[in-house]
Student: 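Have a look at this one before I ask anything.
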Amino acid sequence: MRNPILLLLAAIILFSCGKKVENAPEKSEIIGLASPVQLGIDSTVLVLSDYFVDPQVIAEIAVPEQITLKHEKGAPMATLYHDNTKLPLFDVMTVRTSLGKYSILLKNSKKQKIRFTHTPKDQQPKRVQIAGEVNNWNPAESDFVFDNGTWSLEMWLNPGKYHYQLVLDGKWVLDPENNDIEDNNIGGKNSVVHVPAPDAEKLPYLFVDRPVKGKVQIGFINRPEQVFVFWDNYLLNTDFLEFGENGLTITIPYNAKKTDRSHIRVWASNQHGNLNDLFIPLEKGCMITKSEQLRRSDKHTQILYFLMVDRFFNGNPENDKPVDDPEILPKANYMGGDLAGVTKKIEDGYFSSLGINTVWLSPITQNPLDAWGLWPNPRTKFSGYHGYWPISLSKVDFRFGTSQELNTLLNKAHQSHMNVLLDYVANHVHKDHPAYAANPGWATPLYLPDGTMNTEKWDEHRLTTWFDTFLPTLDLERPEVYETMTDSALFWLTQFPFDGFRHDATKHIPEVFWRRLTQKIKTALPGKSIYQIGETYGSRELIGSYIGSGMMDAQFDFNLYDAALATFAKKDSDFKSLNASVLESMNYYGSLHLMGNMTGNQDKPRFLSLASGDVRFDEDAKLAGWTRDIGVSDTLAYRKLQLMNAFNLTVPGIPTLYYGDEFGMPGGNDPDNRRMMKFENLNAHETQTLETVKAWIHLRRTLLPLQYGTFKPLLVKK
């Protein structure tokens, strides 16, 4: 006979378990959250190893019926063939393994075909090209075709605004057939093409309504026709969803109770398109409602602070060893900042009082002991105080400290609930690096086939160009090179408890390096939150091509920085352009992306000096820093800097402070923008700026809507 008590107990347990996602293994084979697959035009190459460290675990891939899949079992890549006109904006691909079944969102392309034309009125050019944000300013990528008196070119472009110029037989000119012209913020003008976006007022707008035990309430304006809800990497079916007139109730799966941190993600669209998506963190199956529940491993909560180690604070004068060369002027030599100095400021509570929870250190590997490079006016050579000329991949520069001091810094930071990122240089080494001396063939050619020198050709030869003649660019498409360099990067994560990387010169490094590095990190540190952010100056499409599950979490949003700089630092502010830039970044990177929103960096003139007019937008800011004593002639610039910080701290992305921008340091470009940090004797304007920035950071850290909420412009005026 069956025991009725046991049957009753089993029924109670079954009822109390709630709804459960089936085919979800205890340990996911996808490490982290699977980023959506952005479909191309007609076909898409899918890198399965971005999602599964070992693609051989894949037993079956199922795609929507409108898509044709080509994939050999166990292969790390697959190809999707599709007619974009027959696809909805969103759909789902499922991947089954022997342990479970995973869902990955597919995003249809929003690109439109745009036609550029040029009809000469006088002399006929032999070659017509275009250079701009449409092709990363590389005219070699885009040649016009001549037919019946007119040159034309068709390009597929996402909605947005694009600056460009025509290139006629090598000469860059404004498009004579386009009257839409804008300032390029460096003293010139560009032609502009606008690719129309759908009317935002017609798009579905999603927001988290209110927490209910065991559920998530979603509200929406403009009812969506498509809704896809994921718990981590599993699509929730209709058993978990209850639609109302103006919203959606999501039942949190019972599986979520077994994990400290999981996430609900929501995408929706209607016939006009989509506006925003949602990212909702859960703790033990309950929606997080208080900032106290967040941890430094929650990447969206980061407030990033970039400091140049040599220019921050001198904590140990005994390791002060500037390069002994009279040809180096003081601005270009070591000033004494070190790891002990950073540790001292952690212990003093400087970062905590400011509200910083992630510190980014400039490179700390050994740099050369002598002088390199040359600047003509005033004449000077340079030391490697900045750390970007490595002659070692694994040694801490003795002028910054020791491995023991580095561990002390990291431990003190973690005790203060702060992450630490390491600036890692993979693109190049110094010519005195032993690896280059032993393997000169590991570098890309210094000379191009036409005999010209391949230096500083940032766009036309971005994967091979050298930064200088003494800095060989590594050929990171060669397995022996990228295996060595990814092992080197992994060394810093496994031998020291760093929390991630800022990667130098990202766009100059091939994708295979990033994929291999991320694969190694996932394998070696599967349970640790590692944040990787890169540096790429270029179009959003190029920047975004390095972001995803198998690559980096984010990059610095230089396009948004340029728009914000123009709005807040110039007198003729244009908030419409800034708003458009914010929305364009959300369209490319997601509504709650992890892109770095910066106040400045080591390669830009200081915001304060541009805002005060002490550095002009149309001048050589590096020359200005060498030849003038740049101060603050217009103190209104401090208020503008406060606005810039307030903006970065209230829009989607990771706010990033360049050291000194919390109170306002002036300066031209490199090296004047790398002055020694000031901690004392702040004037009234600096003090007021510092306190204002602290208040904004406090709001960002304590208000969940500023970290995980939705963003919607309410009023935009010029």
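Predicted model, so just to flag it, every value in this text is computed and none were measured. Excluded from the calculations below are hydrogen atoms, water molecules and symmetry mates; all remaining heavy atoms, backbone and side chain alike, are included.
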Student: Just by distance, do the side chain of D614 and the backbone of S633 share a donor-acceptor pair under 3.5 Å?
Tutor: yes
Student: State whether the side chain of R462 and the backbone N or O of K507 hold a donor-acceptor pair below 3.5 Å, judged by distance alone.
Tutor: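 Yes; at least one donor-acceptor contact below 3.5 Å.
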Student: So, does S581 use its side chain to make a donor-acceptor pair with the main chain of L578 at under 3.5 Å?
Tutor: no
Student: Is any side-chain heavy atom of I547 closer than 4.5 Å to one of Y589?
Tutor: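 Of all side-chain heavy-atom pairs linking I547 with Y589, at least one is under 4.5 Å.
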Student: Do you see a donor-acceptor pair shorter than 3.5 Å between the side chains of Q165 and N190?
Tutor: yes
Student: Could you go through D175 and S191, starting from their C-alpha distance and side-chain angles, then the distance that decides it, and tell me whether this counts as side-chain hydrogen bond (donor to acceptor under 3.5 Å, both in side chains)?
Tutor: CA-CA 6 Å; D175 186 345; S191 298; 5.4 Å; no
Student: Listed by chain and number, what are the ring pair (Phe, Tyr, Trp, His ring centres under 6.0 Å) partners of F496, not counting sequence neighbours?
Tutor: W492
Student: Only one of H300, M586, Q707 forms a side-chain contact (heavy atoms from CB on, under 4.5 Å) with L592, so which one is it?
Tutor: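 Of all the options given, the one that passes is H300.
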Student: Please find the pair of heavy atoms, one from N597 and one from G653, that lie closest to each other, and give the distance.
Tutor: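 Looking at all heavy atoms of both residues, the closest pair is ND2-CA, 3.5 Å.
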Student: Is R399 reaching over with its side chain to a backbone N or O of N367, donor-acceptor style, under 3.5 angstrom?
Tutor: yes
Student: Hey, are R296 and D298 close enough for a salt bridge, meaning a charged N less than 4.0 Å from a carboxylate O?
Tutor: no
Student: Grab the two heavy atoms, one from P368 and one from W389, that are nearest each other, plus how far apart they are.
Tutor: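 Closest approach of P368 to W389, heavy atoms only: CD-O, 3.1 Å.
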Student: Can a donor-acceptor pair be found, under 3.5 Å and without considering hydrogens, that links the side chain of S609 to the backbone of G667?
Tutor: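 A pair under 3.5 Å: yes.
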Student: Check the orientation of F351 and Y305. Use parallel for under 30°, tilted for 30 to 60°, and perpendicular for over 60°.
Tutor: perpendicular
Student: Ignoring hydrogens and angles, tell me if any N or O in the side chain of Q366 forms a donor-acceptor pair with the backbone of S392 under 3.5 Å.
Tutor: no
Student: One pair to check against side-chain hydrogen bond (donor to acceptor under 3.5 Å, both in side chains): N136 and S539. What are the steps and the verdict?
Tutor: CA-CA 6 Å; N136 298 302; S539 69; 2.6 Å; yes
Student: Among D553, T506, T518, which residue meets the side chain to side chain donor-acceptor pair (under 3.5 Å) test with Q532?
Tutor: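 It is T518; the other options fail the test.
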Student: Is the shortest distance from a Lys or Arg side-chain nitrogen in K331 or D670 to a carboxylate oxygen in the other one below 4.0 Å?
Tutor: no
Student: Among E584, E182, E133, find the one that has a side chain to side chain donor-acceptor pair (under 3.5 Å) with K161.
Tutor: E182
Student: Check R606 with D672, please: is the shortest side-chain N to carboxylate O separation under 4.0 Å?
Tutor: no
Student: Minimum heavy-atom separation for F382 to A332, with atom names?
Tutor: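 Scanning both residues, the minimum pair turns out to be CD2-CB, 3.5 Å.
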Student: Can you pull out every side-chain hydrogen bond (donor to acceptor under 3.5 Å, both in side chains) where at least one residue sits in residues 557-569? Sequence neighbours excluded, please.
Tutor: Y537-D562, D557-S585
Student: Check whether D397 reaches the backbone of I364 with its side chain - one donor and one acceptor, N or O, closer than 3.5 Å.
Tutor: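 No: the side chain of D397 does not pair with the backbone of I364.
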Student: Hey, does V693 have a side-chain heavy atom less than 4.5 Å from the side chain of W696?
Tutor: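 Side chain of W696 against side chain of V693, heavy atoms only: no contact under 4.5 Å found.
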Student: Can you confirm whether more than 12 heavy atoms, excluding those of H194, are under 6.0 Å from its NE2 atom?
Tutor: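 Enclosed.
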Student: From the options W514, F556, Y546, Y531, select the one residue that forms a ring pair (Phe, Tyr, Trp, His ring centres under 6.0 Å) with H503.
Tutor: W514
Student: Drop me the distance from N138's CG to H461's NE2, to the nearest 0.5 angstrom.
Tutor: 8.0 Å
Student: Passes salt bridge (Lys or Arg N to Asp or Glu O under 4.0 Å), K622 versus D603? Steps please.
Tutor: CA-CA 9 Å; K622 184 172 289 193; D603 296 319; over 6 Å; no
Student: Run the side-chain hydrogen bond (donor to acceptor under 3.5 Å, both in side chains) check on T465 and N454 step by step: do they pass?
Tutor: CA-CA 5 Å; T465 194; N454 187 14; 3.3 Å; yes
Student: Locate the shortest heavy-atom distance separating R700 from P655; write the atom from each residue and the value.
Tutor: NH2-CD, 3.7 Å
Student: Under 3.5 Å, side chain of N673 to main-chain N/O of P605, donor-acceptor pair present?
Tutor: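 Flag not set: sc N673 to bb P605 has no pair under 3.5 Å.
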Student: Under a 4.5 Å cut-off applied to non-hydrogen side-chain atoms, are M453 and L446 in contact?
Tutor: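 A side-chain contact under 4.5 Å exists here.
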Student: For the pair K299 (side chain) and I530 (backbone), establish whether a donor and an acceptor sit closer than 3.5 Å, ignoring hydrogens and angles.
Tutor: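 Checked: pair present.
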Student: Let's go through K457 and D459 carefully: what are the C-alpha distance in whole Å and the side-chain angles of both, what is the deciding distance for salt bridge (Lys or Arg N to Asp or Glu O under 4.0 Å) to 0.1 Å, and is it a yes or a no?
Tutor: CA-CA 6 Å; K457 298 185 183 297; D459 300 311; over 6 Å; no
Student: For the residue pair I697 and L657, establish whether any side-chain heavy-atom pair is separated by less than 4.5 Å.
Tutor: yes
Student: Should the ring pair Y659 and F312 be called parallel, tilted or perpendicular, given that the plane angle runs from 0 to 90° and is split at 30 and 60?
Tutor: perpendicular
Student: For a 4.5 angstrom cut-off between non-hydrogen side-chain atoms, does F400 reach N319?
Tutor: no
Student: How are the rings of F568 and F647 set relative to one another: parallel (under 30°), tilted (30 to 60°) or perpendicular (over 60°)?
Tutor: tilted
Student: Is the shortest distance from a Lys or Arg side-chain nitrogen in D572 or K570 to a carboxylate oxygen in the other one below 4.0 Å?
Tutor: no
Student: Between F313 and D348, is there a side-chain heavy-atom distance shorter than 4.5 Å?
Tutor: no
Student: Report yes if some heavy atom in the side chain of N683 is under 4.5 Å from a heavy atom in the side chain of E686; otherwise report no.
Tutor: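 N683 reaches E686 side chain to side chain.
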Student: Assess the residue pair T464 and T473 against the criterion (side-chain contact (heavy atoms from CB on, under 4.5 Å)); give the C-alpha distance rounded to whole Å, side-chain angles, the decisive distance to 0.1 Å, and a yes or no.
Tutor: CA-CA 6 Å; T464 62; T473 286; 5.7 Å; no
Student: Using modelled atom types and a 3.5 Å cut-off, is there a donor and acceptor pairing between side-chain atoms of N178 and backbone atoms of V192?
Tutor: yes
Student: Test L476 against M485 for side-chain contact (heavy atoms from CB on, under 4.5 Å), laying out the working first.
Tutor: CA-CA 8 Å; L476 288 164; M485 294 304 292; 3.8 Å; yes
Student: For D320 and N314: C-alpha separation, side-chain torsions, deciding distance, then whether side-chain hydrogen bond (donor to acceptor under 3.5 Å, both in side chains) applies.
Tutor: CA-CA 9 Å; D320 292 358; N314 192 342; 2.7 Å; yes
Student: Quick check on the 6.0 Å ring-centre criterion: do F467 and H508 meet it?
Tutor: yes
Student: State, yes or no, whether a side-chain contact exists between M598 and F607 at a heavy-atom distance under 4.5 Å.
Tutor: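 No; the side chains remain at least 4.5 Å from each other.
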Student: Walk me through whether I303 and R701 qualify under side-chain contact (heavy atoms from CB on, under 4.5 Å).
Tutor: CA-CA 8 Å; I303 309 291; R701 292 285 305 273; 3.7 Å; yes
